[in-house]
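Written out below as structure tokens is the structure these notes cover.
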Amino acid sequence: MALDGYRFDSGCGINARSPLRISLAGGGTDLPDYSAQFGGDVVALAIDAEIHVQIGVATYRSETKWSDQSGDLPGDPLLNNLVNSILRTHHHWGHRPWLISSTSRARSGAGLGSSGAFLVGLAALLHPGQSADYLARTAYDWEFQRAGRMVGPQDSFASAHGGIGEITIGTDGGVKFSPLMLHPRSAAWIDHNLLLFDTGTTRDASRVASKAKQETENQVGQGPSVFQSRRIERLHGIRALVAPLRKAIEEGDVDQYGPILSSNWALKSSLGRGISTPRAEELLAGCLAAGAHGGKLVGAGGGGYVLVSVPDEAHSAVRAAMARAHAPELPFRLSRTGVQAYQIGPCGKLSSATSG
């Protein structure tokens, strides 16, 4: 049963499911160092590879556990500290030991917005009945303001809302999620012809973005520079791809997906060292040689998953090429729903209540 509100009782826990996201165009323009001056624009879709977040009363001490398809993971110290800080001030969990577990069939740190999705799930558990915009903003503020990570709001807003949408960021920091009118051809292409393959490399998106920004600052000093101007020009170019992609999605012009993804990647990979990797370029080249229309590395770069747009007749060849390259596929479909919270455990003890 989905929760609009609840009252806690000892012995029962709650669960949230938050979809991960794929940024199709405009990624990077949502980061505050760009959007605060020019605004930002991103097209992102939520996928049915999800983060599952559970919280319940612990027996002895508070603990956060992480796992993904590779098994149990060492805790991210920054996220662990953020969770502790959030729960210490919560009216229910601040005075009792808790156990949080986070699981996903996708690898963490692989460009699919896992930390943002996790925090959206946590926000849904701690603030039942709130709107998707409220949960997304809460999760983003936790990560950017409270934890000080260099992230943009696309992860949390895509995960909270679900579906496919355009995320617009104002220079004042305001964020608007606008669902796109999905043409039937586009819906079918997203589910069957956009393929994800794992490079096998994990990275921290915030560190990749911060490194690229620092590289700019090291070269610009205190004044303008050619390097800084080129970086802004490339981000302008990345943002300019949002309009043609939106048009292709709404009109079902699926042949445009691959070229737009490749154009986005050509601009994104030139933003700084460490965004592209030899492994990513090897996999993208292999997919293109096997018949893919185009593709990109998802997320901030530095590793993770490559996304490619592949016509039906090239599916077998692309999958065979990635098998030879030892790049496992992560099957996915569009998640039409955003974050959802559910009761777990001896939930007869939980009763419905209005949310504050």
Side-chain angles (χ1 to χ4, degrees), residues 1-20 49-110 113-130 134-135 138-149 151 155-156 159-160 202 204 206 339-356:
M1 181 177 67
L3 297 178
D4 291 322
Y6 53 79
R7 184 176 67 245
F8 286 103
D9 287 292
S10 179
C12 189
I14 46 176
N15 176 71
R17 296 185 314 206
S18 306
L20 297 171
E50 301 168 321
I51 295 283
H52 292 257
V53 185
Q54 296 181 359
I55 183 171
V57 177
T59 305
Y60 299 111
R61 61 185 178 86
S62 295
E63 186 179 2
T64 304
K65 293 184 175 181
W66 310 88
S67 65
D68 64 12
Q69 64 174 6
S70 63
D72 292 337
L73 302 171
D76 179 333
L78 194 62
L79 276 179
N80 284 347
N81 290 338
L82 178 60
V83 169
N84 288 334
S85 172
I86 292 166
L87 293 183
R88 274 200 307 268
T89 58
H90 189 265
H91 66 275
H92 176 81
W93 296 106
H95 59 274
R96 69 188 66 201
W98 42 262
L99 174 64
I100 292 180
S101 64
S102 170
T103 60
S104 177
R105 66 181 175 90
R107 282 199 308 110
S108 62
S114 58
S115 62
F118 165 78
L119 291 172
V120 165
L122 183 61
L125 298 182
L126 300 184
H127 303 282
Q130 293 289 353
Y134 179 92
L135 298 177
T138 297
Y140 175 60
D141 287 346
W142 282 343
E143 190 167 16
F144 176 60
Q145 300 287 355
R146 203 155 169 175
R149 300 187 75 190
V151 295
D155 297 358
S156 59
S159 182
T202 299
D204 184 316
S206 176
V339 64
Q340 293 180 300
Y342 294 87
Q343 297 172 329
I344 58 173
C347 289
K349 296 183 180 181
L350 274 176
S351 59
S352 178
T354 57
S355 59

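Because the structure is predicted, anything quoted here is derived from the model rather than measured.
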Any side-chain heavy-atom pair from [X] and [Y] closer than 4.5 angstrom?
X    : Y    : answer
L20  : D155 : no
L126 : L87  : yes
N15  : V53  : no

Legend entry - Spatial distance of atom NE2 (H90) from atom NE2 (H95) [nearest 0.5 Å]: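 Result: 10.0 Å between the selected atoms.
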Please set out all donor-acceptor pairs under 3.5 angstrom arising from side-chain atoms of residues 138-148, sequence neighbours excluded.
residue, atom, partner, partner atom, Å
T138, OG1, Y134, O, 2.8
Y140, OH, V151, O, 3.3
D141, OD1, R137, NH1, 3.3
E143, OE2, S115, OG, 2.8
E143, OE2, R149, NH1, 2.9
R146, NE, S85, OG, 3.2
R146, NH2, S85, O, 3.0
R146, NH2, S85, OG, 2.9

Inset, instruction - Look at the side chain of S159 and the backbone N and O of S156, then say whether any donor-acceptor pair between them is shorter than 3.5 Å. - result: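 Checked: no pair found.
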Legend entry - Side chain S18, main chain A117, donor-acceptor under 3.5 Å: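 Yes, S18 side chain to A117 backbone: donor-acceptor pair under 3.5 Å.
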Legend entry - Residues in side chain to side chain donor-acceptor pair (under 3.5 Å) contact with S62, at least two apart in sequence or another chain: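 Side chain to side chain donor-acceptor pair (under 3.5 Å) check on S62 returns W98.
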Legend entry - Those residues that, when tested against N84, pass side chain to side chain donor-acceptor pair (under 3.5 Å) (two or more places apart):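 Here no residue qualifies.
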How far apart are the closest heavy atoms of [X] and [Y], and which atoms are they?
X   : Y    : value
D76 : L78  : OD1-N, 2.9 Å
A16 : G121 : CB-O, 3.5 Å
D68 : S108 : OD2-N, 3.0 Å

Review item, side-chain donor-acceptor pairs of residues 99-106, under 3.5 Å, at least two apart:
residue, atom, partner, partner atom, Å
S104, OG, E50, O, 2.9
S104, OG, A106, N, 3.1
R105, NH1, P331, O, 3.0
R105, NH2, D48, OD1, 3.2
R105, NH2, P331, O, 3.1

Inset, instruction - Return the set of residues passing ring-ring contact (aromatic ring centres under 6.0 Å, His included) with W66 (not counting sequence neighbours), or none when no residue passes. - result: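 W66 satisfies ring-ring contact (aromatic ring centres under 6.0 Å, His included) with F118 once adjacent residues are dropped.
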